[in-house]
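I have placed the structure first, in the form of structure tokens, so that the comments after it can refer back to it.
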2 protein chains.
Amino acid sequence: MDKKKAVQQSYELVRDKILNGQLLSGEKITEEKLATDLGFSRTPIRDAIKRLEYEGLIINKKVVKPTDKDLRNIFQVRMLLEGYSARCAATYSSAEQLATLAECVEIGKNGSYDEIMDANERFHQIIVQTSGNDKLIDTINRMQSIIYLFRKTVVFYNRPFLIEEHEDIYNAIRDRLPERAEELMKQHLEKDLDFCLHLINSQN
Amino acid sequence: MDKKKAVQQSYELVRDKILNGQLLSGEKITEEKLATDLGFSRTPIRDAIKRLEYEGLIINKKVVKPTDKDLRNIFQVRMLLEGYSARCAATYSSAEQLATLAECVEIGKNGSYDEIMDANERFHQIIVQTSGNDKLIDTINRMQSIIYLFRKTVVFYNRPFLIEEHEDIYNAIRDRLPERAEELMKQHLEKDLDFCLHLINSQN
DNA sequence: AAAGGTTAAATTGTATACAAAATTATCTAA
DNA sequence: TTAGATAATTTTGTATACAATTTAACCTTT
């Protein structure tokens, strides 16, 4: 296997620094500093920053600090796209996809912190995949980094009923109830949003 | 006013070359060639290409050639996001926004080719704006270039009922009928899609 | 002639130097 | 002191050189 190129490495390193809090919200990024930090030249760093700007993690040279409004906006888009995806899942999903969803729900009940984090992400990922719509998948993926920031809090603070909701969604999909699957997914995301907003606002 | 930077110029030049057919679907792009063509160095050209890749106009160094499936996918996302936007418009839109929408419909009836093109684009643009959701607006804008490619054919071949549909949507918004506005917008986009697909497939 | 391998050419990736622009600090006049 | 101008510094934008990689061309060998 060939080793990753500098752009890719830079991208991943900077992204991770942001996601795990080594680079704080509002902190200003300079190409030169990152370059010497990571041991690359400015060229690949610039590309990486462009990509992060595109994903919304960096906004004019500053690490993003999402406002309540941003959060609501992101979740609104998710509700529309993932709601539709859930409907698709209830209509199209294969036996294999169903099995994997069931597995994610199961891990959610008994897994370790990291396993749960992972399973929850996969649960949503699989449902989005069943839409079979690359543009839709792409749009969600681009919001993924920011979403990740919040999924972490939701799991860490152990939001009540999260797994139960996943299970309900899974059941609707398995039972081929498109309308219900969509509705449940939307409600589920709405609750995630409320939980995040509540947490954020009680911390400051 | 300060003159645009090389990246911005390159971006616009290359994009326009693609949109007006100077660069054909499937044609392969090389940085060096574009650089000497446009009289810049490779550096800004690379950035411009990256941006066009993000927008989906270039896919691994080739000018994109959207398939039927791509077209369906884009329109599906638009139906979800613009449908929701129409609902918002029917709920929130200001008197000024309503007036501008009415104006777009009017131009659609009597304007010149270029005016109609412009008015149709603005019609959709305004409705999307009323959502007040930056993420949503952003997502649509990123698909704008590809959408443009098709809007051109729709107007050029003078799709029947296009203006009437805009008017119906406008009326629903003005009369504050969110459900209806959403439904009409979705139907409208569905018809645009069918028209595009029909044209494309009858040409090849 | 076809499969495979080797060399050559084209293209992209990265580093670096310098120019342009933006930012910050410093100074001066009111 | 402070508003505004000017200089110093930092940071970004662009060009260019060279390295790495990919792609194309050209031989062999069967």
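Being a predicted model, the structure only gives us computed values, none of them experimental. Chain naming here is simple, since letters A, B, ... match the order of the sequence lines and numbering starts at 1 in each.
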Distance test, side-chain N/O of B:Arg46 to OP1/OP2 of C:dG13, below 4.0 Å:
yes
Under 4.0 angstrom between A:Ser41 side-chain N/O and C:dT14 OP1 or OP2
no
Mind calculating the distance between [atom1] ([X]) and [atom2] ([N]) to the nearest angstrom?
X	N	atom1	atom2	value
A:Gln8	D:dT21	CD	C1'	16 Å
A:Gln9	C:dG13	CD	C1'	13 Å
A:Arg42	D:dG13	CZ	C1'	7 Å
B:Glu53	C:dG13	CD	P	9 Å
A:Glu32	D:dT10	CD	P	11 Å
A:Glu31	C:dA22	CD	P	14 Å
A:Lys50	D:dG13	NZ	P	7 Å
B:Ile49	C:dG13	CD1	C1'	13 Å

Should the ring pair A:His166 and A:Phe123 be called parallel, tilted or perpendicular, given that the plane angle runs from 0 to 90° and is split at 30 and 60?
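Because their plane-to-plane angle is under 30°, the rings of A:His166 and A:Phe123 count as parallel.
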Closest listed nucleotide, where the reference is the side chain of B:Phe40 and the choices are C:dT14, D:dT14, D:dA15
D:dA15
I'd like to check [X] versus [Y] (side-chain heavy atoms, cut-off strictly below 4.5 Å). Are they in contact?
X	Y	value
B:Gln125	B:Asn141	yes
B:Cys104	B:Tyr170	no
A:Val77	A:Ile74	no

Using a cut-off of 4.0 Å on non-hydrogen atoms, how would the nucleic acid contact of B:Ile29 be classed: base, sugar-phosphate, or nothing?
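If one applies the 4.0 Å heavy-atom cut-off, B:Ile29 turns out to touch the sugar-phosphate alone, with no base involved.
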Under 4.0 angstrom, heavy atoms only, what part of the nucleic acid is B:Thr43 near: base, sugar-phosphate, or nothing?
base
If each of A:Pro44 and B:Thr30 is mapped to the nucleotide of DNA chain C with the nearest heavy atom, which maps nearer the 5' terminus, i.e. the 5' end?
B:Thr30
Quick check on DNA chain D: between B:Asp47 and B:Lys28, whose nearest nucleotide comes earlier from the 5' end?
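That would be B:Asp47.
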Distance-only side-chain donor-acceptor flag, B:Ser93 / B:Arg176, under 3.5 Å
yes
